[in-house]
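Everything numeric here is computed off the predicted structure, so don't read it as measured data. The sequence lines fix the lettering, A, B, ..., with proteins before strands; numbering per chain opens at 1.
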Amino acid sequence: MSVASIQPTAPEPIIGTAGIPAINLDRVGKNFRLDARREVKAVSDVSMNVGKGAFVAILGPSGCGKSTILRMIASLDEPTKGTLSVLGTTPADCAANHRMGIAFQDHALLPWLTIFDNVALPYRLAHLKADPGRVAQLIDLVGLAGFEKARPKQLSGGMRQRAAIARALLLNPDVLLLDEPFGALDAVTRRQMNVELQRIWSEQRTTTLLVTHSVDEAVFLADRVIVMSGRPGHIIREVAIPFERPRHPDVMRTVEFHHLVNELTEALHPTEGTGAP
Amino acid sequence: MEPEQGVTAEPIDANPLRWLYSIFARFVARFWGVIIILGAWQAWVLISGYNAIVLPPPLSVLHQVATNLGLFAFAGLQTLAVAIIGTVIGMLLGSVAAILAWYSRLFSGLLTPLALIFTAVPAVALVPVIARLLGYDIRTVIAIVAVISFFPSFVFTGSGLRALPPGSADLFRVNGASTWMQLRYLALPAAVPHWMVALRLGAASAVLSAIIAEFAMGTSGLGSVFSEARDSFDMTRALGASLVATIISVIGFLLAISAERIVRDRWD
Ligand SMILES: Nc1ncnc2c1ncn2[C@@H]1O[C@H](COP(=O)(O)OP(=O)(O)OP(=O)(O)O)[C@@H](O)[C@H]1O
Ligand SMILES: [Mg+2]
């Protein structure tokens, strides 16, 4: 607990090498034991690279193992097969060094803390001295200025998710993992959140892996979209998204955007293309 | 405290008589069941003409307490102090045991059955054992109260330490939080509302268990007033001790309930 040696704000990234991808999965498989006899093959033979500063989105049918992949990268689950590295080291190392930010479907805000203290929490967990200026700046960035003293229950669902994203960004993580962060929101709020996340991301350029069910969301936010098959999940399609950054919401009205969305939707549900109006 | 919530304080009426009346009305509204039972009891004693050794009427019990205020107040305060000290010790030990069980499976395997066995033994049966160990005095009374409040605090703190907000445990792990940090910033705060439930249960039974121990020991507090009065067939005084004990219990319970409500308000 040597507080004296601690920097006031987030430390520099521990890995400065440009050649090593931020996230690397090499033929990763994951089986879950259900009981003594049965196993579920959640993920099989997944290989992928996420370069530094890239935004990659994963699409796939429900239960195909998207969350499992994210949880393995976050050090919350161990792969059964293959190897997985984050910033050239193991996910556990990365977590221990406070280099990862997560925002999952549960906002996981602590109800007994104010929004300010919730966003500032990673400082405490990393034994860093809190920098109130940075906390305030992030709260402002996600559009929650004025709600610093509010408690999570006094905020709307979308505001809570924004607070969770601010918290995930606090320590300038080298890797940002988002699992359906807007899954519980209505379509309008969700689109607003996408626009805001795009704006924030264009400022920070944090390496990001986003799991989502929304094809629009994936195309609007990501540089690259990965489509997975049903269980056991493996990668069936990868599509690069060419739009310039920062992206204006009007991008979503372009023909190109609709082409990409259609292409990805078709990859997701290959047999259902005929019934659509 | 939080003006933005728009809580308006009740205006205090200028007329003190009206104010007294409103308190009285609220008391009646809340305790009318008790009042009816006491009224029926008084009527029954009057009609049947039982003498005071068999069943004293509530009004003479009230009179007894009013005329011996010093005795009852002293004994009541003694019992109250013992109940509070015992509850504090019991809850502290229970919480520490729950934290140890949270920290390690080994402790959990050791402590859980022990705590269960302790609870299964009735308090009265524990009195002679503890008295043999600690002596026939107030220390044994405190120990009995502590033993009785230990279990709810152990169980509720234990479940509270594991009742974490959804996703928060994952968040702490990915943020590289040490075990100590998980305890300090997640498990302990999460346990606070559960701990308040244990306090409420403890507050309700603390005075009762203190009196049982005092009764068995016969050395101090309302319990010994009760036991002496019973030995001299003074049922009115014995019931007076019960009345004072009930009042203390109810007040303690109500205080614990409102504390619990305040905490809950902040927590969920
Ligand atoms: N802890 C677990 N124990 C057993 N099976 C699990 C566990 N976690 C996930 N699974 C199984 O692994 C498979 C993939 O689950 P996962 O949560 O990764 O899917 P997903 O792609 O995120 O789905 P969704 O889009 O519905 O969130 C599912 O079949 C699920 O039942
Ligand atoms: Mg999922």
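Here the closest non-hydrogen pair linking Ser75(A) and Arg173(B) is O-NH2, 3.6 Å. Closest approach of Val174(B) to Met100(A), counting heavy atoms only: CG1-CB, 3.8 Å.
In this structure, CG on Asp265(B) lies 10.0 Å from CZ on Arg151(A), to the nearest 0.5 angstrom. Here the CG-CH2 distance, from Leu186(B) to Trp112(A), works out to 5.0 Å after rounding to the nearest 0.5 Å. From Asp117(A), atom CG reaches atom OH of Tyr185(B) across 10.0 Å, with rounding to the nearest 0.5 Å. Between the CG atom in Asp106(A) and the CG atom in Leu171(B) there is a gap of 11.0 Å [rounded to 0.5 Å]. Separating the CG atom in Leu177(A) from the CG atom in Asp170(B) is a distance of 11.5 Å, to the nearest 0.5 Å.
Pro165(B) touches chain A through its side chain: at least one heavy atom from C-beta onward sits under 4.5 Å away, while N, CA, C and O do not. Contact annotation for Ala190(B): both backbone and side-chain heavy atoms come within less than 4.5 Å of a heavy atom of chain A. For Arg71(A), the part sitting under 4.5 Å from any heavy atom of chain B is the side chain, from C-beta outward, and nothing else. With a threshold of 4.5 angstrom between heavy atoms, Leu109(A) approaches chain B through N, CA, C or O but not through any side-chain atom. Heavy atoms closer than 4.5 Å to chain A are found nowhere in Leu164(B), neither backbone nor side chain.
Of the residues considered (Pro91(A), Ala74(A), Ala96(A), Ala168(A)), Ala74(A) shows the highest number of contacts with chain B, using heavy-atom pairs under 4.5 Å. Interface remark: of the candidates Ser178(B), Pro189(B), Ala169(B), Pro189(B) forms the most heavy-atom pairs closer than 4.5 Å to chain A.
Checked against ring pair (Phe, Tyr, Trp, His ring centres under 6.0 Å), Phe55(A) has the following partners two or more places apart in sequence or in another chain: Trp201(A).
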